Amino acid sequence: MLKKSVAASALFLSLAAPFAGAYSLVDSEVVKGTIETVDASTNTLVLEKANGRETRVGLSEKANFYINGNAININDLKAGHEVRINRKTFTKVEDKLVGEIVAVNRKAKTAKLRLSNKETVNVQFGDQVAVSGVKSVSSFNQLRPGHQVVISYAK
């Protein structure tokens with residue numbers, strides 16, 4: 001049986017929606033496996049991973065699917081398809097983050113922040129964000145790489 005390779009992008013929410021609070025940390029990972037079952041009504045897949053373990057993957061309603069570069073929908077996915085899912089998990093953050101802006105993605109409203117311990121985190125901004133530490137910045141659109149910032153929830 002010829003196995004079709006399917007690529008999907010998925011959005012996962014952890015604790016809260018990304019715009020429910022001021023900002024959230026974004027974690028990205030790639031999940032690979034062979035589809036065992038598809039439930040289009042709940043946007044979930046059950047995959048068998050390479051290590052033989054089964055995993056359930058919930059997909060966003062906005063997930064995109066492709067077979068050989070052609071867009072498809074979830075109803076086109078079948079048992080036996082090999083999949084590669086680019087998954088993002090958003091984790092709501094309540095504490096302050098202090099660091100240097102490394103990169104800004106205005107379209108996605110995200111910024112990569114280098115913390116004092118040299119770790120970098122991706123931050124998804126919502127509507128109520130307070131950025132301090134840079135006198136000339138009063139909005140997300142004014143953030144630039146190199147800015148030293150304190151990011152907190154604006155109450």
Side-chain angles (χ1 to χ4, degrees), residues 1-94 97 99-115 117-129 131 137 139-147 149 151 153-154:
M1 174 179 170
L2 179 63
K3 292 187 178 182
K4 291 186 178 179
S5 181
V6 179
S9 63
L11 174 70
F12 287 77
L13 305 180
S14 173
L15 303 178
F19 292 103
Y23 56 89
S24 51
L25 295 180
V26 182
D27 181 35
S28 298
E29 71 172 316
V30 174
V31 178
K32 295 179 184 179
T34 302
I35 295 176
E36 290 185 355
T37 62
V38 178
D39 186 343
S41 66
T42 60
N43 285 340
T44 58
L45 303 176
V46 175
L47 305 178
E48 180 180 342
K49 296 173 78 173
N51 62 8
R53 293 191 178 175
E54 188 177 275
T55 187
R56 179 176 299 279
V57 179
L59 304 170
S60 164
E61 292 178 13
K62 295 180 181 180
N64 299 305
F65 306 95
Y66 302 91
I67 292 181
N68 300 325
N70 298 313
I72 62 168
N73 67 48
I74 194 166
N75 294 316
D76 297 321
L77 298 176
K78 306 289 181 221
H81 282 166
E82 292 181 358
V83 296
R84 179 178 182 266
I85 300 171
N86 297 320
R87 176 164 72 177
K88 286 187 178 182
T89 304
F90 293 89
T91 305
K92 187 176 176 186
V93 176
E94 295 292 342
L97 291 174
E100 176 186 353
I101 298 292
V102 176
V104 178
N105 182 330
R106 300 207 192 295
K107 184 176 179 181
K109 208 166 185 182
T110 61
K112 184 175 282 192
L113 185 68
R114 182 179 299 119
L115 305 175
N117 65 2
K118 304 298 181 203
E119 177 185 2
T120 59
V121 293
N122 290 312
V123 179
Q124 174 75 51
F125 287 80
D127 296 328
Q128 298 178 315
V129 64
V131 179
V137 172
S139 74
F140 173 81
N141 289 331
Q142 295 174 333
L143 287 177
R144 302 283 183 265
H147 282 161
V149 297
I151 300 172
Y153 182 74

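For clarity, every value in this text was computed on a predicted model and none was experimentally measured.
- One distance of note links CD1 of Ile101 with CZ of Arg114; it measures 11.0 Å at 0.5 Å rounding.
- Between Phe65 and Asn73 the shortest heavy-atom distance is CD1-C, 4.0 Å.
- Closest approach of Ala79 to Glu36, counting heavy atoms only: CB-O, 3.4 Å.
- Note: Leu77 CG to Ile35 CD1 = 4.5 Å, rounded to the nearest 0.5 Å.
- Of all non-hydrogen atoms in Ala103 and Pro145, the two that sit nearest each other are CA-CG, 4.3 Å.
- Thr44 pairs with exactly one of Thr37, Ile74, Asp39, Val38 by the side chain to side chain contact (heavy atoms under 4.5 Å, CB included) rule, that one being Asp39.
- Put simply, NZ on Lys49 and NZ on Lys32 are 11.0 Å apart, with the number rounded to the nearest 0.5 Å.
- Heavy atoms only, all atoms of each residue included: Arg84 and Val30 are closest at CG-CG1, 3.6 Å.
- Counting heavy-atom neighbours within 6.0 Å of Arg106 CZ, excluding the residue itself, gives a total above 12.
- To the nearest 0.5 Å, atom CG of residue Leu47 and atom CD1 of residue Ile85 are 5.0 Å apart.
- Atom CG of residue Asn141 and atom NZ of residue Lys109 lie 7.0 Å apart, to the nearest 0.5 angstrom.
- The shortest non-hydrogen separation linking Thr120 to Lys112 is CB-CG, 4.1 Å.
- Arg56 CZ to Thr42 OG1: the interatomic distance, rounded to the nearest 0.5 Å, is 7.0 Å.
- Legend: residues meeting salt bridge (charged side-chain N to carboxylate O under 4.0 Å, His left out) with Glu48, ordered by chain and number and at least two apart, are absent.
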